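Naming: A, B, ... by sequence-line order, numbering from 1 per chain. No experiment lies behind these values; they were computed from the predicted model shown.
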Amino acid sequence: MSNAVGYSYLSTLNDVQRNAVTTIHGPVMVIAGPGSGKTRVLTFRIAHLLNSGAHPGQVLALTFTNKAAREMKERIEKVAGNDANKVWAGTFHSLFARILRAEAHRIGYPNDFTIYDSDDTKSVLGDIIKSMNLDKKVYAPGQVRARISAAKSNLITPKAYAANDDLMALDRMDRRPLIYQIYEKYVAKCLRAGAMDFDDLLLQMYKLLYQNPDNVREKYQRQFKYVLVDEFQDTNYLQYQIIKILTKYQGSEENICIVGDDAQSIYSFRGATIENILQFEHDYPTVQTFKLEQNYRSTSFIVEAANEVITNNKKQIQKKIFTEKGDGMKIKLIKAMTDTEEGKRVADTIIEQKNRFNLSNKDFAILYRTNGQSRIFEEQLRRYNIAYRIYGGLSFYSRKEIKDLVSYLRLVVNDKDDEALKRVINYPKRGIGNSTIDQIAQMADDNEVSMWEVLSRIEFNSRAAKSVGEFVGIIKAAKAKAMLSNAYDAAVYIAKASGILSELKSDTSLEGQGRIENLNSLLDGIKEFVEDDEIAEGETTMDKSLAAFLQTISLMTDQDNDAEDQDTVTLMSIHAAKGLEFKSVFVVGLEENLFPSYQSLITQDQVDEERRLFYVAITRAEEHLTLTYANSRYQFGNMRFNDPSRFIEEIGDKNYDPLTIMSNKASSEIKSNPFGEPKLLGNFKTKALNQPLPTVDPATFVANKPEEIKVGQKVLHLKFGLGEVKHIDQSMIATILFEQLADRPEKRIVLNYTKLQIVE
DNA sequence: GGGGGCTATGGGGGG
DNA sequence: CATAGCCCCC
């Protein structure tokens, strides 16, 4: 083994960093504060492994986000050159998906399995819940999904779930005692559809290694001699078990390096557990630990603020982050009356800072708690002609027109994919309605086959028979085409043959044109994929099939495309911003019920996690940090008043720009709610305070017949209160002015559907 | 049985 | 504000 000191890149590291990089034998744990050079340590470590004789294909580097993976790959390339793209660096989900695409047949799945996204999952669960005649309100698919996801993340099978007293008691308390049955049916249905959800990418990987068909476990244990895990604090139990199988076995060198920071643990909602860090020291007793405490990113007031905030969390690994970058600027606080004003003031401040500090757009980030907050900032930035880019939110691949074509592609690749089939069987409209679809689904269920099998085998007598035949023909032709050509040619064929293209072209509206553009950029993306000539490690042929393409896109979320080097302001959720840094950062929407989120206010643990999220947010800033909040904002369609976030106080006055405190923080002590009513505590059903719900007593309410309603009458509506009928058109649609509705008093009411009581 | 239009409902973060 | 569900009409 070569002597590390000879490598020039090592001289750019501090002592602790260097030790973390050069300790390449045995388990290593790096506790890395924000801005402490964590990514440098990881990438230099990989470079160092390669320089010390490791083959790039032996290195497995696991991250959580595509962004982090991409950045890591780029940086490895800088240090290690071309070998970089042979390193197995990527997200847990994408790397495991890649392995499963080679191995899934060993555990009963097709190698061309479909990846179900959360919409698919919810739709499957919805069907199951319906078929069991359960109430969709009680068994909300989203919540059922969360329970199942948690079970999978903790390696609890449906059987084990049913046998687990705690889980069952909890479900009984929630009046959802049958979740275990839904879970069981869901697993069976996915298997039958040849589909894996996001949790399955981990779970089936675990199964593959655990059940060890054809000694596949040894194969990967041997291959991945060096394992690195980024953001280890965000791993869940299942992920940790997989890591353990890969690195802890008879004769293992246990060359595993985990990097993490307990203070930045922000993913417990998807099962991440801080226990893993504690357990790690127990499972790998020879572990060598390195603490990176020097922050190279931010100036002093920012670092101090972060330190102060985090002391409010009792449970944490002791460390003191420090910086030598000087005091820098104090933190600004902006109080706005409304969410619109908040957007405007942020845009103003960006312009001001650009001029004063000679910054460009790309130096700025606006970070928010929920993606829904982005709209207002977009509008304001557009007004000032400031280029921006939004990450996350409704991603490209979740647009309707994209999902439609992708569903066709999915069905062509895997005809057992019932979710895809249901989406496209009657799109574009070809006369196959719900009852026919229900019938097919029922038959498929009864015979435990896929819907496609029902379609392609059974003659239909119904009116829809001809249309069904047509549909089957389209898909069969497309399947044949896909066998013979690459993904791009196949996709173009399907876009035409399915009728999607002509359907979209017939819509000449502005949105319609946008949809065609989107569809074209999907096709461009496929073309790019086909023409990309980079070959991944472990693959002997270039896989340009539709199946390969579908797999890559199903794991993408943010617009992962190009535009990296453009000069744009970044708008993203705080979760998405983890690991990134900007000269000037705005953390916006600092209000109780928003940040911390109203859903987090129930337990201390959840508030603590929100606080860690805040910690992550403010430590993204290098030189300028601005916190903003609004007295009132539109939330869920209503004006809401929230108090300033508790986090604002926790930073400590000495870190604030005193001018901004005087004008903002002090005045915020005046209660923001002009009505003096109790503040909204996390119940989104509560109506806005300046617009109290009209009270109509249902007990005394007597509805009149629709034909009795006449123009000019005063009428009562159960929800909207008192109104005056302004107009009734031929189709019995009445325009009624409801005096108690402040924002949009005029409503168009279909008389036949609505109960109205004539008052005078 | 299928299509269109209205209303009611629910609403976090990400792979 | 988007989607699901419902109702009427064809």
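The CD atom of A:Glu401 sits 13 Å away from the P atom of C:dA2 (whole-angstrom rounding). Distance NZ (A:Lys429) to P (B:dG1): 17 Å, rounded to an integer number of Å. Between the NZ atom of A:Lys122 and the C1' atom of B:dT9 there is a distance of 14 Å, rounded to whole Å. Computed from coordinates, the A:Tyr368 OH to B:dG14 C1' distance equals 14 Å when rounded to whole Å. Taking atom CD1 of residue A:Ile425 and atom P of nucleotide B:dG1, one finds them 15 Å apart after rounding to whole Å. At whole-Å resolution of the value, CG in A:Asn236 and P in B:dG14 are 17 Å apart. Spacing between atom NZ of A:Lys136 and atom P of B:dA8 amounts to 19 Å, rounded to whole angstrom units. The CD-P distance, from A:Gln143 to B:dT9, rounds to 16 Å in whole Å.
Dashed line: the shortest gap from a side-chain N or O of A:Asn426 to OP1 or OP2 of B:dG3 is under 4.0 Å. An OP1 or OP2 oxygen of B:dG14 is reached within less than 4.0 angstrom by a side-chain nitrogen or oxygen of A:Ser573. A sub-4.0 Å separation between OP1 or OP2 of B:dG2 and a side-chain N or O of A:Ser435 is present. Between A:Thr436 and B:dG2 there is a side-chain N or O to OP1 or OP2 distance below 4.0 Å. Regarding contacts with the backbone of B:dG13, every side-chain N or O of A:Lys578 stays at 4.0 angstrom or more from both OP1 and OP2. Contact check, A:Asn371 against B:dG13: a side-chain N or O comes under 4.0 Å of OP1 or OP2.
A ring-centre distance under 6.0 Å is not found for A:Phe64 and A:His575.
Centre separation under 5.5 Å together with a plane angle under 30° does not hold for the ring of A:Phe64 and the six-membered base ring of B:dG14, so they are not marked as stacked.
Ring geometry for A:Phe232 versus A:Tyr240: interplanar angle over 60°, hence perpendicular rather than tilted (30 to 60°).
With hydrogens and angles ignored, no donor-acceptor pair closer than 3.5 Å exists between the side chain of A:Gln599 and the base of B:dG11. If you check distances only, the side chain of A:Arg430 never reaches the base of B:dG3 with a donor-acceptor pair under 3.5 Å.
With B:dG15, B:dG13, B:dG12 as the candidates, the nucleotide lying closest to the side chain of A:Ser597 is B:dG12. For A:Thr370, counting side-chain heavy atoms from C-beta on, the closest listed nucleotide (B:dG13, B:dG15, B:dG14) is B:dG13.
A donor-acceptor pair under 3.5 Å links the side-chain atoms of A:Arg620 to the main chain of A:Leu580, judged by distance alone. A donor-acceptor pair under 3.5 Å is formed between the side chain of A:Asp120 and the backbone N or O of A:Asp117.
Nucleotide B:dG12 has no partner under the Watson-Crick or G-U criteria, as no pair reaches both atom distances under 3.5 Å. Base pairing of C:dC6: its partner is B:dG5, meeting the Watson-Crick or G-U wobble criterion (both donor-acceptor distances under 3.5 Å).
Checking A:Ile437 against A:Thr91, the closest nucleotide of DNA chain B that is more toward the 5' end is the one next to A:Ile437. Comparing A:Ala140 and A:Gly431, the nucleotide of DNA chain B nearest to each residue sits closer to the 5' end for A:Gly431.
When only modelled atom types and interatomic distance are considered, A:Thr121 and A:Tyr186 share a side-chain donor-acceptor pair under 3.5 Å.
The residue A:Arg612 sits apart from the nucleic acid: no heavy atom pair falls under 4.0 Å. A:Ser554 comes within 4.0 angstrom of no nucleic acid atom, judged by non-hydrogen atoms across all strands. If you check every strand for non-hydrogen atoms under 4.0 Å, A:Glu610 touches a base.
The environment of CG in A:Asn434 is sparse: at most 12 heavy-atom neighbours from other residues, nucleotides or ligands sit within 6.0 Å.
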